[in-house]
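So that we are looking at the same thing, I have put the structure below in structure tokens.
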Amino acid sequence: MSYTKEDIWVVIPAFNEESVIGSVVEGLVEHYANVVVVDDCSSDETASRVLESGAWCVSHIINLGQGAALQTGFDFAKSKGAKAVVTFDADGQHRVKDIQRLLDRQKETDCDVVLGSRFLGETEGMSLLRKYTLKLAVLYMTITTGAKLSDAHNGLRLLTETALDKIKITQNRMAHASEIIAQIIQYDLKVEEAPVKITYTDYSVAKGQRASASIRILAELLAARLMR
Amino acid sequence: MIFQILLVGLNILCLAYVFGQRSKSPLVSLIVTIACLFGMVASVFPNLTNDLAHWVGVGRGADLLFYSWIVVSFGLIINIQLKLITANQQLTDVVRHISLESAKHRSSSE
């Protein structure tokens, strides 16, 4: 299926990103009319910067986590008639032009989900520790879900309407990335990968996930399994 | 005798509670149910616990009861954690609803 730019909503979860969110949103609105930032109860001026830059702003009144912010963004986009959603990070790690790569891949394969892969694409400024932590995450994902992916924790994704109708993020914090993959497999959605570039700046590394957070993510996923 | 009645009563209360929770967390409910039934039998027939303790390789009946109580407590803690997760999900739904109702755009405030 071919999507026009009006069919697509870009969803950006954000928490205390006042220093970069303006430029990130301005870069997006030049190409995509429908951009929504979900402000996860930031204590700075993130929401103001978003509104100044021309995107929609949906604000959580308490901090829930990135996973929750993404699902709020999905619900908002669906309410506005989105045919597809692209998730995009607020910290400037992603390139706007890589969204077109996701769209092209979706059009080539008619898949339900396209996941960006830094290991099929390129990275700038990635440490060895982060590289091997991410590789371990991919291994864990393969073992637990059977998904054969090269990059299981990339925030740049495209979800079609079919995927949006099925996927419901319940992991509010960082385990949502694993949950999305698990649900893609569970609902037998057709998934493809596309090469993208991730740029690690001092700012994005400082804001990013610590390696020790992986233990907490594992605990959250195990608790979710017990609930089923 | 009084203590036996008290123990059986407490175990019955515990059973009633987990029976009500069985749909929310079936595995935890099952574990706690088995532990409570064991607790009731042990309270009424205390000598049985010594025989059972020797059979499973534990020194004394009292030790066996203690270990069993640890298992029950662990089950109850897991149950509370699962309830917290459910409450958190409900809170998320409420916060999400409020945020979606108050979405803003530059054009709507101009």
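Sequence lines set the chain letters: A, B, ... in the order given, protein chains first and strands last, and positions in each chain run from 1.
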Exercise. Return yes if some donor-acceptor pair links the side-chain N/O of B/H105 with the main-chain N/O of A/G54 below 3.5 Å, else return no.
Key: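 Looks like yes, one N/O pair under 3.5 Å.
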
Self-check item: Listed partners of A/K78 passing side chain to side chain contact (heavy atoms under 4.5 Å, CB included), at least two apart
Solution: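 If we apply the side chain to side chain contact (heavy atoms under 4.5 Å, CB included) test to A/K78, skipping adjacent residues, the hits are A/D75, A/L164, A/D165.
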
Practice problem: Return yes when atom NZ of A/K5 has more than 12 non-hydrogen atoms of other residues, nucleotides or ligands closer than 6.0 Å, and no otherwise. | Solution: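 Atom NZ in A/K5 is crowded, with more than 12 foreign heavy atoms closer than 6.0 Å.
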
Quiz prompt | Contacting moiety of B/L100, where chain A heavy atoms sit under 4.5 Å | solution =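 Looking at B/L100, backbone and side chain both touch chain A.
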
Quiz item: What pairs of residues pass the ring pair (Phe, Tyr, Trp, His ring centres under 6.0 Å) test when at least one of them lies in residues 9-33 of chain B, not counting sequence neighbours?
Solution: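 Qualifying pairs, neighbours excluded: none.
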
Exercise. Would you mind checking which part of A/S79 comes under 4.5 Å of any heavy atom in chain B, side chain (CB onward), backbone (N, CA, C, O), both or neither?
Key: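 For A/S79, neither part sits under 4.5 Å from chain B.
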
Please output the side-chain donor-acceptor pairs of residues 33-47 of chain B that fall under 3.5 Å, not counting sequence neighbours, one pair per line with the distance.
from  : atom 1 : to    : atom 2 : distance (Å)
B/T33 : OG1    : B/S29 : O      : 2.6
B/S43 : OG     : B/G39 : O      : 2.7

Quiz prompt | Residue from A/D39, A/D40, A/T72 passing side-chain contact (heavy atoms from CB on, under 4.5 Å) with B/S99 | solution =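 The residue from A/D39, A/D40, A/T72 that satisfies side-chain contact (heavy atoms from CB on, under 4.5 Å) with B/S99 turns out to be A/T72.
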
Quiz prompt | Atom NZ of A/K97: over 12 foreign heavy atoms under 6.0 Å | solution =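 Count not over threshold, so no.
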
Exercise. Under 4.5 Å heavy-atom distance to chain B, tell me which part of A/A47 shows up: side chain, backbone, both or neither.
Key: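 For A/A47, no heavy atom lies under 4.5 Å from chain B.
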
Quiz prompt | B/H97, NE2: over 12 other non-hydrogen atoms inside 6.0 angstrom | solution =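 No, not enclosed.
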
Quiz item: Would the number of heavy atoms belonging to other residues, nucleotides or ligands and lying under 6.0 Å from NZ of B/K104 be above 12?
Solution: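 Counting other residues, nucleotides and ligands, NZ of B/K104 stays at 12 neighbours or fewer.
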
Self-check item: Contact listing (chain B partner; residues 60-69 of chain A; heavy atom under 4.5 Å)
Solution: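 At a heavy-atom separation under 4.5 Å, chain B is reached by A/H60, A/I61, A/I62, A/L64, A/A68.
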
Self-check item: Any side-chain heavy-atom pair of B/R96 and A/Q71 under 4.5 Å
Solution: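 A side-chain contact exists here, since the closest heavy-atom pair is under 4.5 Å.
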
